[in-house]
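Just so you know, these numbers use all the heavy atoms, side chains as well, and skip hydrogens, waters and symmetry mates. Labels below follow one simple rule: chain letters A, B, ... track the order of the sequence lines, proteins then strands, and each chain is numbered from 1.
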Amino acid sequence: MKPALREQILTILAEIPAGRVTTYGRIAAMTEGGTPRLVARALRDLPAGHDLPWFRVITASRRLADHGGADEQRQRLVAEGVIFDALGRVPAEHLWP
DNA sequence: CATCTGACATAAT
DNA sequence: GATTATGCCAGAT
């Protein structure tokens, strides 16, 4: 992974306001040469204990990505006021432009 | 070097 | 909506 790209991804991540979420694709589109998979990889490679809001990144279908920390992610988002409907999806109002 | 895999997206069905 | 198929790209094997 190119250091510059990861830096862009992390910078964008840090800009997401509390109570809002964004998708892998949107982050990828804001970077140069970024793809959703690279964004996913960048997050996966983050060391545990960092201070970035990794939990504010969801999939394009507005659901949580399938990974081990999904439960914690859901809890953190709910704690911030993000709402999940009966289908486990996040309403579009929470999306960060 | 050839394959497989996955914190994904998109289009078709 | 849910599933399936494809494209994508970096790591691991």
Side-chain angles (χ1 to χ4, degrees):
Chain A
M1 164 93 55
K2 292 175 186 274
L5 178 56
R6 188 182 54 214
E7 193 172 344
Q8 284 185 34
I9 293 173
L10 298 186
T11 298
I12 293 170
L13 187 60
E15 294 295 321
I16 304 176
R20 311 292 296 283
V21 298
T22 192
T23 69
Y24 289 89
R26 281 189 122 148
I27 293 179
M30 295 175 197
T31 63
E32 292 296 332
T35 67
R37 279 202 108 115
L38 289 183
V39 174
R41 270 199 57 74
L43 296 191
R44 189 208 67 178
D45 292 340
L46 285 174
H50 58 73
D51 53 347
L52 296 171
W54 58 271
F55 47 86
R56 295 185 188 136
V57 183
I58 61 180
T59 71
S61 54
R62 309 204 306 276
R63 278 189 265 157
L64 302 185
D66 182 14
H67 65 98
D71 291 315
E72 180 186 350
Q73 180 175 14
R74 190 181 55 251
Q75 289 181 10
R76 289 230 203 191
L77 290 176
V78 169
E80 280 190 344
V82 176
I83 300 197
F84 288 85
D85 61 18
L87 298 169
R89 301 186 306 111
V90 177
E93 304 87 73
H94 288 295
L95 285 177
W96 184 59

- Carboxylate-amine/guanidinium contact R76(A) E72(A), below 4.0 Å: yes
- Query: Would you say the side chain of E80(A) lies within less than 4.5 Å of the side chain of F55(A), judging by non-hydrogen atoms?
  - Reply: yes
- Encode nucleotides 7-13 of chain C as B, S and - characters from 5' to 3', where the letter depends on protein heavy atoms closer than 4.0 Å: B to the base, S only to sugar-phosphate, - to neither. BBSSS--
- Specify the separation, in whole Å, of atom CG of L43(A) and atom C1' of dG6(B). 13 Å
- Task: Classify the nucleic acid contact of A65(A) as base, sugar-phosphate or nothing, counting any heavy atom under 4.0 Å across all strands shown.
- Result: sugar-phosphate
- Rounded to the Å, how far apart are I58(A) CD1 and dC8(B) P? 12 Å
- Tell me, do R20(A) and P97(A) make a side-chain contact under 4.5 Å, heavy atoms counted? yes
- Message: Nearest to the A60(A) side chain among dG1(C), dA7(B), dA9(B), which nucleotide is it?
- Response: dA9(B)
- Mind checking whether L43(A) and L13(A) have side chains closer than 4.5 Å, heavy atoms only? yes
- Message: Rounded to whole Å, how long is the line connecting atom CZ of R26(A) with atom P of dT10(B)?
- Response: 10 Å
- Message: Need one value for L64(A): base, sugar-phosphate or nothing, where a base atom within 4.0 Å counts as base even if backbone is also close, heavy atoms only.
- Response: nothing
- Whole Å only: how far is the CZ atom of R63(A) from the P atom of dA9(B)? 11 Å
- Quick one: are L95(A) and R62(A) in side-chain contact, heavy atoms under 4.5 Å? yes
- Task: Calculate the interatomic distance between I16(A) atom CD1 and dA7(B) atom P; express it in whole Å.
- Result: 19 Å
- Query: Looking at residues at least two apart in the chain, or sitting in another chain, which of them share a side-chain hydrogen bond (donor to acceptor under 3.5 Å, both in side chains) with Q8(A)?
  - Reply: none
